[in-house]
Amino acid sequence: MLGLLAEFADAEQLRGAVLRARHEGYADIEAYSPYPVDGLTEAMGLRRAHVPFWMLLGAICGGGFTYWLEWYSTVVNYPINVGGRPPFSWPAFLPPALEMTLLWAVLAGALAMLIGNRLPRVHHPLFAVRAFDRATGDRLFLLLRVANSNLEARRAHAFLKTLSPLSISEVSE
Amino acid sequence: MSSSKVPPFDLDAARAQLRDTRGPRYWRSLEELADGEGFQAWLKAQFPQLAQDAPLDRRGFLKFIGASMALAGLTACSHPPQTELVPYVHGQDEWATGLPRYFATTLTRNGYAQGALVRSDEGRPTKVEGNPQHPASLGATDIFAQAAILQLWDPDRSQSVMRGDIVATWEDFAAEWLVLRARFDRNGGAGLRVLTRTLTSPTLAAQLEALQNKYPDARWHVHEPGGASLSRGMDASGLPRSVHYRFDRAKVILTLDADFLSDPAAGVRYSHDFISGRDPERGAMSRLYAVEPTPSVTGMMADHRLPLESARIHGFAQALAQRLGVANIGSTGGFVPSSDHARWLDAVAADLRSTQNASLIVAGFAQPPEAHALAHAMNVALGNVGNTIGFGAPIEALPAQALAPKANDDGSLRALASAMRVGLVDTLLVLDGNPVYDTSADLAIADALKHVPHLLHLGLYRDETGTLAEWHLPLAHALEAWGDARAFDGSASIAQPLIAPLYGGKSAIELMSLLLEGNFSDGRALVRQQSASQLRDDDAWNAALKSGVISNTAMTVTSVSPPFPRKRGSSDFHAIESNILDARLSRNDKALELLFRPDPAIGAGEWSNNGWLQELPKPLTQLTWDNVALISPDLAKRYKLNNGDVVELRSHGGKLHAPVWIMPGQATHSVTVHLGYGRTRAGHIGDGIGYNANALRTSDSPWQADDLQIVATGENCELATTQHHFNMEGRDLVRESTLSEYLRDPQSAVAHDKYGEKPPSLYPDYLKGEYAWGMSIDLNACIGCKACTIACQSENNIPVVGKDQVHRGREMHWIRVDHYYEGDAETPTMLSQPVPCMMCEHAPCELVCPVDATVHDSEGLNVQVYNRCVGTRFCSNNCPYKVRRFNFMQYADKQTPQYEAMRNPEVSVRRRGIMEKCTYCIQRIETAHIAADKESRRLRDGEVVTACQAVCPTRAIRFGDISDAQSQVSKAKASPRNYAMLAELGTRPRTTYLARIRNPNPALKDET
Amino acid sequence: MRVGPLSTRNAGAHKDGGLAQIFSRHFGFLFRLAALAALVIVTALILLWRAVMAYPAGVHDALEQPIPFSHKHHVGDDGIDCRYCHTSVERSAFAGIPPLSTCMTCHSQLYTDQPMLKPLIAAYESGVPFHWQRLHKLPDFVYFDHSIHIAKGVGCETCHGRVDEMPLMARVAPLTMQWCLDCHRAPQKYLRPHDQVFSMGWHAKDQLALGERLLREYHIDTRRLTDCSVCHR
Amino acid sequence: MSAALPDDALPPVIEPGQNSSTITTEISAVTLERPTGWLWIIGLLISLALSGLLFVGFCWLLYAGVGIWGLNIPVAWSFAIANYVWWIAIGMGGTFISAGMCLARQPWRSSINRFAEAMTVFAVSVSGIFPILHLGRPWFFYWLFPYPDVMNVWPQWRSSLEWDFWAILAYLIVSLAYWYVGMLPDLATLRDRSPTLAKARFYGLLALGWRGEARHWMRFEQFNLITAGVAVALVFSVHSMVALDFSEALVPGWHETIFPPFFIAGALFSGFAMVLVLGIPLRRFYGLQAFLNDRHIVNMAKMMLCAGLFVDYSYFSEIFTAFQSMDRYDFAMTLHRLYGAYAWAFWGTILLNVLNIQLLWIPRVRRSHAAVFLIAIGVLIGMWLERFMLIVSSLYEGFVPSAWGMFWPTFWDLAFLAGSVGLFFLMFLLFARLLPVLSMFELRKLAHQGGSGGVERGGEP
């Protein structure tokens, strides 16, 4: 079994529950919500993710490479006299570099987001839980991962009960 | 469209052609056989057995498959298809295969010789150049000589002997002739008539003479649809003689409706002479007055131009003669000079008198003999004879009866027509002519021919006459056969074939040899034998072939001034009716005259099926593919007509529908129509366009009708012009000044340029290559004849796009000649300006091309790389001069083998979707470059000559290395008249212009 | 059309059938694999296409000819000069292929009975030539000129390879623009002294030094060698 | 200015009483349960027909060449380029609404940004067709891309067409990514609410297994926020490139420094117009009154008016500059534009883009959906006319009078325009049927934050 899933109706409850659970020493927890809940990240004590960093990196690479390519192709590889303009017409070379800066940033960001979130993942134990369907609708969930032992499970179950969730369901592998 | 017409393969014939390798006759060659695209089709057409299927062309393939595979990027695979090499059986290594060769030969226009050098690429004639050694050419040609190449390869040419509608052979005809001949031998040739056009060929003339001697009762008639040359005159007895003008010597020239710059016999030479007398740098410029009813190239060049109805010109001449004190010039009753006319007359008279012995008065072919007489009288009075004008023996060969007119037979077409009607004609042989189409309506030749049992027609096309003929015989093209002709000054020259007759045609002299001797003799032998007196041995013969002229055969020019010619058949030449119009005008000014003129682009019809000429914008109107009725702005106002409105022209009971064109500078009461259109049997190109103006012509006054009435029909028809706006809008594109101004301040024409040729620029100068190519165009020398346009078309494989595409604004000419009008619409100043690519050093087109398809090379050429072009057309949008042309559709005909064979192998054939433009004839530059580089020497100045430069009769275009201060072009650009078009845009054009200088008469200042 | 607060009427109805997951774990794995594979395949295709372009077909494979003419025999063994047959190579853009009469200068006496020469004899007598398969063909927008290359010291071998070792003629060069540019950008890498242009297997001691010298001797204007106009018109 | 208008009476952004459940149910029902309406089917058939016409034209074009259009020298560009600029401009509006207003924290945008983004993606895709088909040899369009070819030839980086190539490329991919990633949570909703397994699988694949984990949201928001920033930059840069396609040339009427801002304003102008043209019917036919109400319409109308005023200023300044500079060619061009053969295009533009929108000053007009809808249609037509006017009336009478010429459209010119409209609506109709038309998670968040209180107004220019 993967763990226990508690269902909540609103974001405050969930945030409280998360804080409680961590206070109780449940390290391995997950929170689910149908919309981004302010402060939930902090409550979960998650490290800030690095999507911005990857986007910056993408931007630099995209712009830099394009600008370099323009220089290489017009100055080094095949210099051609175009309308009497200097081979390295640096101002005229900015636009493509700019566009590539933006494009690569976004592509890098999208990848960072998906990979960071381990997506795509079309199969997940949670999907088997009937109640979890509403995690993308109107309900919020707290998942306690518990070791596969009756004792642990019962303890966790008892704890969840104290949070007065709408429901508690078992999540099996 | 024509590969079906290619005759079936005949191995023996082919072998015969191969065996006969005399002179340049043989036309298959190694390179040709190995050459890819161009030849495959050719080979296929001529020798189906030998030909393999033309390989699927890469770009053609892409057109269909490409798009679907574009994303896969596979279309970039440009592996050429597998092709084959066919070796010769017998080596013929006289010249290195693959090198073009030039042969001197002779083309004729209206019978007169035009010397030409014809380029032969692997045995295929591909380009005509002028022959510098020929007096009528001096290295240049007119538009027709250029178009001769297309005519040679025209797939619509007659391709076999036809008996009625049945395909026959020359043998069949020979047999038939023997039968006819037997009868003529008995009856002395009674009923045998020959009809020719103007001819100067000594050989043919001799043969005709022989025919007349052999058959005393046979008759020879001459009919020239295109109008006579100025160099033909008459003496007292009305006997023909040749007139020789020296436009270079004349200080003051007056033309009476004489368009000498486009004279059929010597226009090229006259242009050259005229312009060489107008060099402002020398300070000495002749002054040209033009009195004409309808604007002509000559009128465009005139310093003063007076629009005057054709019928009134004789009166004008009388008035002038009066002022010049010429004796008994007859009653000037008809012509009532207006005050303007009077001023004009006085000024001109004064000017003429002021230049003793150095003026020249010329009357046009459409003017009556009396006008010529007066012109002559004035020349005599002014002492011009012997200085600017001289006389000599006649150059045209004429039938005996023309020299000694028998009763109702003066050798004219009219005489023939009447003879036909009364059944006197049993056999009519038409030697290269089309009387059924190009003769006056009143003769009703087609109808008269019904009375002729045997009509034999020799012609390039199976035309209106050929289809009526009992026997149609394919004529060998001038480039396919031996022949000879004489130039305007009498010098004889030989025409040698560059290629065996494509369709087994025979020349006129070969046919005549059959008529005379009963069997065909070799054309070469005939010409050789004829010229034996001048060319005694092989060396002389070869020399003549090489130079293209038979030395010292020019006429001796005498200054013997003949007495006044009398109007034939009357003792008094004064009382003539040429000013009926004046009489009628004085009564009501509704009276109109209708003028007939050969079309400036397609002549009187012999060039109707020539796409290049059809699409060549006609001088001034810039019309293509149509003939119109030119009317004056006044007339247009009076009848509320606009360009393209169709009117009905009524004259002599005939009527005709024609679209009008408002012609600034047209005489108020003159309406001009052009011949050569409304053909029904011209071919795919010439059929069914325009209207046939001959329908209103009469044989007694073939060039004008005095009783014209016009009625608006309310219809309108689309006309395709290449220029829609003739007002320069105050932009100094064409700059001009007057001689006096120029002498006072040479900068006067170009002074107002703010920055001069090179405005400041932020960009560093590129390091120059070994050469810096540039061009200079002298607007003072350009007469607007458009020979450059068509020479370029021929040299650079420029496609013909057709009327519809021209109408959509998609013509392809790389060098266009713009025309502008200035001043009032009645008497405007007319300007012309040739516009090739400016080869801007800071080219706007290059900047905006996303794929480097148009860039600069190290020698300053703005090159267009066809195979790189993707066709964004941004370059054209950004070209201020709009000299770029785009293949909006597949214009180049890749199906017709004849056209494949005609093309210049040194120039890529552009496919659809590709931008193209003038390249300064890059192929010529490269060829010369390679030749020079092989010898590790510099290119000499003048070693590279662009097609437009070579053809220009007045040397208006100069091309060369502008980094060499001694080069022709550098010297030209050093002139104070030098300026660059739209220089203020900072494009730094390599093509610059020399301002035009006029030489107006101060006495008439306020007029121009 | 308002539905009550998340009616379970249909939400996730498909799961009522007892089927737990909409995608099996196995499929989930495959899905990721497919995504990865897509990337790999696209990249591979691009590289493949690039490779195809760089080395066009037809290099190094000899074509079936009507007569198995051996350059190896004629050039290598008999030591016949290139120009004996390719007569116009020094004067014209086209090197020239020999007329059959050239072949017959020898073969009217030699090996006349050889079966392989039958087509030659036949063609010579009938006057109807046979067709060689062409090996070196450029696109119609490329204007190559043999004579200038010979004049400027480009050896036959440089482009045509060791024909003296080719029993059947084969093409050794890709004839791509890139390949042309390789020499046009730095001719000194290939230039030969005039007396070595037609020799096979010649090697300079120090090609670059020689090349530089020849560049000057031959007055080669390197500025324009990579101009579009040099090869395209 | 809004203070002067009684807009305080506007309803809140979303109807009070809406909560996650209702939002989820109603919006997902649009996609999952609502039966296909006959209006939708008719619309689909019409746009299919038009797209078919486009396809036929495409084939004929490839076979015969761009000569099937009325192009010539001097007018070598016209309809195709006008269509291209028109469509890509329409795209701008969507991006600006979703990205720009996201940065500006305008909550009311939550209701419209989804279909606005969809509009962007489709408009850009449609516009992208034209530059390629417009080429003389379309199959070589990839030569604009710097791949290592065996010709060793590269793109010409100085050409604004090259810049534009990169701009379109970037813009298409970015807006696609922004749209799709932003849609993941809602796709997950649809997945989990699918009545049938087939639908569940369909949306399941699209959702990529989104679970709404806290971590998911964190990265999701990081990405969205920065991408919004990037997208705004893109909007401005891309349309500056489009403007440079013209102003890089020295053609009078094109060669103007005002073009980039002018084109951006024009882009937003037509973009907003298209959002209204799509939103108003969408709201009506899919019963989304709860989420799309007068407030949104009025705000959009105001923004359209504002953008329009910028555009109008540009018209004025263009003409003013011409007269003030007295540059011979620029002056002549302006006169031709005002009184020449294509004056109708100019005055049509003035009528639709200047006079037409002044009606929006009146509050009642702003609130009448029908009126706003019609005005927006007028603006779309006006903006197309403007592009046509800018292109043709600058080209047809250039520097050299001898080369002046006219352009007349052929059947195919019109067919490609109609076809492009068809293709766009085809894609949009499919979107409206298959994908979440409004952004559910954002609305949920809004509802959760009490956005239904209608505290903020926002969006006023």
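Basis for what follows: all heavy atoms, side chains included, without hydrogens, waters or symmetry-related copies. Order of the sequence lines fixes the chain letters, A, B, ..., with proteins taken first and strands second; residue numbering starts at 1 for each chain.
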Asker: As an exercise: rank Ala231(D), Ser28(D), Gly229(D), Gly209(D) by heavy-atom pairs under 4.5 Å with chain A and give me the winner.
Answerer: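 Most pairs with chain A among the choices: Gly209(D).
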Asker: Under 4.5 Å from any heavy atom of chain D, what part of Leu98(A) do you find: side chain, backbone, both or neither?
Answerer: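 Just its side chain gets close to chain D.
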Asker: Less than 6.0 Å separating the ring centroids of Trp90(A) and Phe93(A)?
Answerer: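 No, the ring centres sit 6.0 Å or more apart.
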Asker: Measure distances from Ser33(A) to the heavy atoms of chain D and classify the residue's part below 4.5 Å as side chain, backbone, both or neither.
Answerer: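 Both parts, heavy atoms under 4.5 Å.
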Asker: Is Leu184(D) close to chain A through its backbone or its side chain, or both, or neither, when contacts mean heavy atoms under 4.5 Å?
Answerer: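 For Leu184(D), the side chain is the part near chain A, not the backbone.
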Asker: Could you look at Ala188(D) and say if it's the side chain, the backbone, both or neither that has a heavy atom under 4.5 Å from chain A?
Answerer: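 Both parts, backbone and side chain.
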Asker: May I ask you to test the Tyr32(A)-Leu126(A) pair for a side-chain heavy-atom distance under 4.5 Å?
Answerer: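 Touching, per the 4.5 Å side-chain cut-off.
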Asker: Just so I understand: if I count every heavy-atom pair under 4.5 Å between each of Pro155(D), Pro185(D), Ala214(D) and chain A, which residue has the most?
Answerer: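 So the answer, after comparing Pro155(D), Pro185(D), Ala214(D), is Ala214(D).
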Asker: Within the 3.5 Å criterion, strictly below it, is a donor on Ser169(A) or Arg130(A) matched to an acceptor on the partner's side chain?
Answerer: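 Side-chain D/A pair, Ser169(A) to Arg130(A): absent.
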Asker: Where on Leu94(A) is there a heavy atom nearer than 4.5 Å to chain D: the side chain, the backbone, both, or neither?
Answerer: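 Looking at Leu94(A), nothing touches chain D.
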Asker: Which word best sums up how the rings of His239(D) and Phe263(D) line up, parallel for under 30°, tilted for 30 to 60°, or perpendicular for over 60°?
Answerer: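 Tilted, since the angle between the ring planes falls between 30° and 60°.
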Asker: Against chain D, label Leu140(A) side chain, backbone, both or neither, depending on which of its atoms sit under 4.5 Å from a heavy atom there.
Answerer: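 Neither the backbone nor the side chain of Leu140(A) comes within 4.5 Å of chain D.
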Asker: So which residue, Arg215(D), Glu442(D), Arg211(D), Met218(D), ends up with the most heavy-atom pairs under 4.5 Å with chain A?
Answerer: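 Ranked by heavy-atom pairs under 4.5 Å with chain A, first place is Arg211(D).
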Asker: Side chain, backbone, both or neither: which part of Asp38(A) has a heavy atom under 4.5 Å from chain D?
Answerer: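 It is the side chain, since no backbone atom gets that close.
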Asker: Given a strict heavy-atom distance threshold of 4.5 Å, which part of Thr41(A) is in contact with chain D: side chain, backbone, both, or neither?
Answerer: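 Just its side chain gets close to chain D.
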Asker: Does a side chain donor of either Trp157(D) or Ser73(A) reach within less than 3.5 Å of an acceptor in the other side chain?
Answerer: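 Distance-only check passes for Trp157(D) and Ser73(A).
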Asker: Going by distance alone, is a donor N or O of one side chain under 3.5 Å from an acceptor N or O of the other, for Thr120(D) and Tyr178(D)?
Answerer: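 No, no side-chain donor-acceptor contact under 3.5 Å.
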Asker: We want to know whether Ser167(A) and Arg134(A) form a side-chain donor-acceptor pair, criterion being a heavy-atom distance below 3.5 angstrom.
Answerer: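 On atom types as modelled, these side chains do not qualify, holding no pair under 3.5 Å.
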Asker: Identify which of Glu221(D), Met241(D), Arg444(D) forms the greatest number of heavy-atom pairs closer than 4.5 Å to chain A.
Answerer: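 The option with the most such pairs is Arg444(D).
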Asker: Under a 4.5 Å cutoff for heavy-atom pairs, which residue among Ala105(A), Gly109(A), Pro34(A) has the most contacts with chain D?
Answerer: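 Ranked by heavy-atom pairs under 4.5 Å with chain D, first place is Pro34(A).
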Asker: Quick one: sort the Phe132(A) and Phe127(A) rings into parallel, tilted or perpendicular, breaks at 30° and 60°.
Answerer: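 It falls in the tilted class, 30° to 60°.
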Asker: Can you tell me which portion of Met55(A) sits under 4.5 Å from chain D's heavy atoms? Options are side chain, backbone, both or neither.
Answerer: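 Contact with chain D is through the side chain of Met55(A) alone.
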Asker: Quick check on the interface: out of Ile23(D), Val181(D), Asn152(D), Leu169(D), who has the most heavy-atom pairs with chain A under 4.5 Å?
Answerer: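 The candidate making the most pairs under 4.5 Å is Asn152(D).
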Asker: Is there a donor in the side chain of Thr22(D) and an acceptor in the side chain of Glu26(D), or the other way round, less than 3.5 Å apart?
Answerer: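 Not at all, the side chains of Thr22(D) and Glu26(D) share no donor-acceptor pair under 3.5 Å.
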Asker: Measure distances from Trp166(D) to the heavy atoms of chain A and classify the residue's part below 4.5 Å as side chain, backbone, both or neither.
Answerer: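 The answer is both parts of Trp166(D).
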Asker: Given heavy-atom pairs under 4.5 angstrom as the criterion, report whether the side chain, backbone, both or neither of Gln156(D) touches chain A.
Answerer: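 Just its side chain gets close to chain A.
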Asker: Heavy-atom distances under 4.5 Å only: say whether Arg118(A) touches chain D with side chain, backbone, both or neither.
Answerer: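 No part of it gets close to chain D.
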Asker: Report the option among Ala233(D), Ser240(D), Ser237(D) that has the most heavy-atom pairs separated by less than 4.5 Å from atoms of chain A.
Answerer: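 Winner by heavy-atom pair count: Ser237(D).
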Asker: Please classify the contact between Glu30(A) and chain D as side chain, backbone, both or neither, with a heavy-atom cut-off of under 4.5 Å.
Answerer: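 For Glu30(A), the contact with chain D is made by the side chain alone.
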Asker: Check Ser111(D) against Ile14(D) and note the closest heavy-atom contact, atom names and distance.
Answerer: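 Smallest heavy-atom distance, with atoms named: OG-CG2, 4.3 Å.
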Asker: Ring-plane angle category for Tyr35(A) and His448(D), please: parallel below 30°, perpendicular beyond 60°, tilted otherwise.
Answerer: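 Plane angle between 30° and 60°, so tilted.
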Asker: Do Phe441(D) and Trp217(D) pass the ring pair (Phe, Tyr, Trp, His ring centres under 6.0 Å) test, and can you show the C-alpha distance, the side-chain angles, and the key distance before you say yes or no?
Answerer: CA-CA 11 Å; Phe441(D) 79 90; Trp217(D) 284 121; 5.4 Å; yes
Asker: Would you mind checking which part of Ala112(A) comes under 4.5 Å of any heavy atom in chain D, side chain (CB onward), backbone (N, CA, C, O), both or neither?
Answerer: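 Only the backbone of Ala112(A) comes within 4.5 Å of chain D.
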